[in-house]
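All heavy atoms count here, side chains included; hydrogens, waters and symmetry mates do not.
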Amino acid sequence: MLSLRQMRTAFPLLLLLLANLFSGLAARATGATTDRAALLSVNDRLDPFNFLSSWGGADDYCQWRGVSCDGPGRVTVLDLSELGLSGSISPAIGNLTYLQFLDLSHNHLQGQLPPELGNLLYLESLRLGSNRLAGEIPAEMGALHKLVILSLHDNVLTGRIPPSLGNLSSLTHLGLAGNRLTNTLPASLGSLPALQHLSVTRNNLTGAIPTSIFHLSTLTHLYLGHNQLSGSFPSDMGDTLVHLQVLQANNNNFEGHLPASLPHAGMLREIVLAHNRFTGPVPGDIGNLVHLQSLSVRDNSLEARTKEDWEFFASLANCKHLHTLDLSHNKLEGELPIPITDLSPQLAFIGLGGNNITNEPTSADLASLRPTLQVDKTAATAVCPDCRDGSIDD
């Protein structure tokens with residue numbers, strides 16, 4: 001048995017343990033009440049056609065459609081993607097403070113992104129793409145330091161990309177394609193230490209790409225196409241973007257020479273730079289990119305006049321996986337240094353038209369390659385089978 005002295009010592013500790021227990025139970029109950037109320041508010045704004053008929057009543061909200069909870073009953077996952085939902089996103093969604101994964105993509109949601117999304121400090125994945133969301137991206141979203149995936153593609157978002165997104169230190173995927181975003185890319189995006197996938201295709205962005213973005217050594221996919229971006233690519237680009245696999249910057253106003261260092265980015269498999277203002281020669285050792293599958297530089301002012309200028313074409317024989325090669329509408333003159341039969345047997349499309357090339361491929365050349373090979377001698381069409389926009393759902 002405990003002595004009186006021991007009981008006097010233990011009693012305050014017991015009271016403290018009980019107080020902590022009841023405090024935890026009270027907090028859990030309060031949190032559960034908050035989460036339930038938040039979900040009902042989301043439902044009120046989100047579901048005018050009663051797609052979420054399982055929500056409400058006395059049922060455990062952790063069993064509602066699209067909802068998952070942790071052990072203490074706090075909502076950690078809300079996945080309502082591809083349900084045909086309309087309406088808007090309730091600001092009360094910011095009260096689901098334990099939420100880690102939020103997916104409302106591929107619906108018909110309208111209205112603005114509530115700034116309260118910035119309250120979801122445990123959020124790791126936010127997917128709101130393929131809706132009709134409008135307005136500006138809230139600067140408050142820069143507080144989501146655990147966010148890994150931010151996908152807002154294919155909405156009607158406007159305004160500039162908030163520089164505060166450069167604070168998302170865990171972000172690996174940023175998908176903003178298919179909106180109406182304006183102004184320049186913020187230099188702060190170049191401070192994202194883990195960024196791998198950046199897609200801003202199909203917006204109204206202007207100005208030069210910040211140098212900081214070309215120094216993101218973690219970057220694997222860079223989609224910049226269909227904007228009004230300008231300026232030139234830095235000469236050391238291939239030495240800094242060492243993990244880059246996809247470079248897509250078509251339909252912009254880029255100019256200057258293609259960086260001589262580009263072939264140093266040895267993991268590149270797709271280069272799409274069509275419809276710009278690039279000048280000068282194609283790097284002669286571009287064939288060092290042995291993983292290259294697609295090279296599209298049509299509608300620029302690239303030049304080849306001398307034997308040295310044409311070395312790039314001969315080097316492409318090293319690219320055994322090449323299936324798309326579009327050189328049309330440039331300033332290429334003279335003879336191809338090798339027959340196209342020396343190129344990849346996987347080649348499915350080659351565009352040469354709109355230049356001054358004297359030795360066009362013959363029928364015999366075609367017969368030795370794939371029967372389905374398309375040869376564009378006139379450059380009358382713009383074939384670009386690899387021109388995806390980098391949406392994270394791709």
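Here the straight-line distance linking atom CD1 of Ile93 with atom CG of Leu120 works out to 7.0 Å at 0.5 Å rounding. Rounding to the nearest 0.5 Å gives a distance of 8.0 Å between CG of Leu133 and CG of Leu152. To the nearest 0.5 Å, atoms CG (Leu244) and CG (Leu268) are separated by 5.0 Å.
No side-chain N or O of Ser68 forms a donor-acceptor pair with one of Thr76 less than 3.5 Å apart. For the residue pair Gln248 / Glu270, a side-chain donor-acceptor distance below 3.5 Å is found, with atom types taken as modelled. For the residue pair Asp299 and His329, no side-chain donor N or O sits within less than 3.5 Å of a side-chain acceptor on the partner. With 3.5 Å as the limit, one finds a donor-acceptor pair spanning the side chains of Asn250 and His226.
Looking at Ser212, its side chain does come within 3.5 Å of a backbone N or O of Ala187 through a donor-acceptor pair. At least one donor-acceptor pair closer than 3.5 Å links the side chain of Asp79 to the backbone N or O of Ser81. In this structure, Asn251 contributes its side chain and Asn276 its backbone to no donor-acceptor pair below 3.5 Å. Side-chain atoms of Asp35 do not come within 3.5 Å of backbone N or O of Arg74 as any donor-acceptor pair. No donor-acceptor pair under 3.5 Å is formed between the side chain of Ser230 and the backbone N or O of Asn253. Between the side chain of Ser232 and the main chain of Gly256, no donor-acceptor pair closer than 3.5 Å is present. Between the side chain of Asn43 and the main chain of Leu40, no donor-acceptor pair closer than 3.5 Å is present. Side-chain atoms of Asn131 come within 3.5 Å of backbone N or O of Asn107 as a donor-acceptor pair. With hydrogens and angles disregarded, a donor-acceptor distance shorter than 3.5 Å links the side chain of Asp103 to the backbone of Ser105. Judged purely by atom type and a 3.5 angstrom limit, Asp309 has no side-chain atom pairing as donor or acceptor with the backbone of Pro281.
When side chains are defined from C-beta on, Asn330 does not count as touching Phe278, because their heavy atoms never get closer than 4.5 Å. With a 4.5 Å cut-off on side-chain heavy atoms, Leu336 and Thr358 do not count as touching.
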* Asked: Can you list the steps and then say if Asn179 with Asp154 is a side chain to side chain contact (heavy atoms under 4.5 Å, CB included)?
  -> CA-CA 6 Å; Asn179 283 285; Asp154 292 294; over 6 Å; no
* Is there a side chain to side chain donor-acceptor pair (under 3.5 Å) between Asn318 and Ser315 once you walk through the steps? -> CA-CA 6 Å; Asn318 298 323; Ser315 77; 5.5 Å; no
* Given the rule in the side chain to side chain donor-acceptor pair (under 3.5 Å) test, do Arg298 and Ser328 qualify, once you have shown the distances and angles that lead to the verdict? -> CA-CA 5 Å; Arg298 67 176 293 131; Ser328 53; 3.0 Å; yes
* **side chain to side chain contact (heavy atoms under 4.5 Å, CB included) evaluation trace for Leu332 with Trp310** => CA-CA 9 Å; Leu332 309 180; Trp310 276 107; 3.9 Å; yes
* **From CA spacing to verdict: side chain to side chain contact (heavy atoms under 4.5 Å, CB included), Leu165, Leu189** => CA-CA 7 Å; Leu165 295 189; Leu189 296 183; 4.1 Å; yes
* When you look at Ser90 and Ser41, which way does the side chain to side chain donor-acceptor pair (under 3.5 Å) test go after all the steps? -> CA-CA 6 Å; Ser90 170; Ser41 179; 2.8 Å; yes
* **Verdict with reasoning, Leu316 to Leu292, per side chain to side chain contact (heavy atoms under 4.5 Å, CB included)** => CA-CA 9 Å; Leu316 289 172; Leu292 192 64; 4.2 Å; yes
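Remark: of the listed residues Asn288, Asp239, Thr240, Asp239 is the sole one forming a side-chain hydrogen bond (donor to acceptor under 3.5 Å, both in side chains) with His264.
Across all non-hydrogen atoms, the minimal contact from Leu322 to Ser344 is O-OG, 3.1 Å. Contact between Gln196 and Leu219 at its shortest, heavy atoms only, is O-CD1, 3.5 Å. For the residue pair His145 and Ser170, the shortest heavy atom distance occurs at O-OG, 2.8 Å.
Ionic pairing of Glu303 and Arg305 is present here: one or more N-O contacts between side-chain nitrogen and carboxylate oxygen are shorter than 4.0 angstrom. Under the 4.0 Å criterion applied to side-chain N and carboxylate O atoms, Lys146 and Glu124 are not assigned as salt-bridge partners.
Taking the six-membered ring for Trp and the full ring otherwise, the centers of Tyr223 and His197 sit less than 6.0 Å from each other.
Leu104 and Phe101 fall into different hydrophobic clusters, where Ile, Leu, Val, Met, Phe, Trp and Tyr residues are linked whenever their side-chain heavy atoms come under 4.5 Å apart, directly or through other members.
Within 6.0 Å of the OH atom in Tyr98, the count of heavy atoms belonging to other residues, nucleotides or ligands does not exceed 12.
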